[in-house]
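Notes follow once the structure below has been shown.
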Amino acid sequence: MLLVLLCFLAPSAKIPLDILFSGATPRKRWNVHGEIEETDAIHAGLAPELGSLLSDIPRLSNAFHELNLLSALSKNSAQTYTLDEAVATRACKSLPPEHFSFWKRQALVVTYRAIPWKYIESA
């Protein structure tokens, strides 16, 4: 599951562990009534199983470690990884085409939730 998500993020870019974690954990956001509320990533469309993995740092670190042992990705520094492009290509080719939109949506949910709103809202 993590490998497929990484394929839809940026296969040749450095992927920080904390981006995935913050993209899956509850965040405070403005609601339609102008009040601040805590929103869960699952309510934004993140699959519950994926949210559970990404929001659990020990499990997430272990999953990255296992992918590193399999040479599916390489560790760049303490908390950043790069997915092997050949592995990403094979993983995407093995995925049924009808699943592409689901995984693109999952990657989008994680990335947009990881960015603090103060950086994406106009002043």
Side-chain angles (χ1 to χ4, degrees):
M1 174 170 34
L2 179 60
L3 177 62
V4 177
L5 176 68
L6 296 176
C7 292
F8 285 90
L9 287 173
S12 61
K14 291 181 181 177
I15 301 168
L17 203 69
D18 61 338
I19 292 289
L20 299 175
F21 175 76
S22 61
T25 54
R27 305 291 300 256
K28 291 186 178 183
R29 299 285 194 238
W30 292 103
N31 66 20
V32 294
H33 304 292
E35 300 166 344
I36 296 175
E37 68 181 9
E38 193 166 88
T39 60
D40 193 295
I42 293 167
H43 288 99
L46 190 65
E49 306 82 26
L50 188 56
S52 174
L53 171 65
L54 299 179
S55 62
D56 184 342
I57 287 288
R59 276 184 64 209
L60 183 58
S61 294
N62 188 48
F64 268 96
H65 179 70
E66 288 179 25
L67 289 173
N68 189 28
L69 290 175
L70 295 170
S71 299
L73 51 79
S74 56
K75 188 171 186 175
N76 303 311
S77 65
Q79 297 284 319
T80 65
Y81 298 83
T82 302
L83 183 61
D84 180 89
E85 289 188 55
V87 171
T89 300
R90 282 193 311 270
C92 283
K93 284 184 178 180
S94 69
L95 194 63
E98 62 270 14
H99 292 179
F100 273 54
S101 64
F102 170 80
W103 284 106
K104 285 179 185 178
R105 226 177 12 260
Q106 296 305 293
L108 182 62
V109 168
V110 170
T111 53
Y112 95 78
R113 288 184 50 80
I115 302 169
W117 277 55
K118 66 181 182 178
Y119 297 117
I120 57 175
E121 290 183 336
S122 60

### Query
What pairs with Phe21 under ring pair (Phe, Tyr, Trp, His ring centres under 6.0 Å), at least two apart in sequence or on another chain?
none
### Message
Using the ring pair (Phe, Tyr, Trp, His ring centres under 6.0 Å) criterion, which residues pair with Phe100? Sequence neighbours excluded.
### Response
Phe8
Let me check something: do [X] and [Y] share a hydrophobic cluster, defined by ILVMFWY side-chain heavy atoms less than 4.5 Å apart, either directly or through other members?
X	Y	answer
Leu53	Leu73	yes
Leu108	Leu2	no
Ile15	Tyr112	yes

#### Entry: Derivation of the side chain to side chain contact (heavy atoms under 4.5 Å, CB included) call for Leu46 and Val110
CA-CA 7 Å; Leu46 190 65; Val110 170; 3.6 Å; yes
### Task
Please lay out, stage by stage, how Val4 and Phe102 fare under the test side chain to side chain contact (heavy atoms under 4.5 Å, CB included).
CA-CA 11 Å; Val4 177; Phe102 170 80; over 6 Å; no
Looking at every heavy atom in both [X] and [Y], which two are closest together, and how far apart are they?
X	Y	result
Ala88	Leu83	CB-CD2, 3.6 Å
Ala24	Leu54	CB-CB, 3.4 Å
Ala72	Leu3	CB-CD1, 4.4 Å
Arg27	Arg113	NH1-O, 2.5 Å
Val109	Ala41	CG1-O, 4.3 Å
Asn68	Ser74	OD1-CA, 3.8 Å

### Task
Begin with the C-alpha distance, continue with both residues' side-chain angles, and end with the deciding distance and a verdict on side chain to side chain contact (heavy atoms under 4.5 Å, CB included) for Leu50 and Met1.
CA-CA 7 Å; Leu50 188 56; Met1 174 170 34; 3.7 Å; yes
### Task
Taking the side chain as every heavy atom from C-beta outward, state whether Glu66 and Asn62 have any atom pair closer than 4.5 Å.
yes
Nearest 0.5 Å please: distance from the [atom1] atom of [X] over to the [atom2] atom of [Y].
X	Y	atom1	atom2	answer
Ile42	Ser55	CD1	OG	7.5 Å
Arg90	Cys7	CZ	SG	10.0 Å
His99	Gln106	NE2	CD	12.0 Å
Leu67	Lys75	CG	NZ	13.0 Å

### Query
Out of Leu9, Ile57, Thr25, which one pairs with Leu20 under the side-chain contact (heavy atoms from CB on, under 4.5 Å) rule?
Leu9
### Task
Take Ser61 and Leu17 through the test side chain to side chain contact (heavy atoms under 4.5 Å, CB included) and record every step on the way to the result.
CA-CA 8 Å; Ser61 294; Leu17 203 69; 3.4 Å; yes
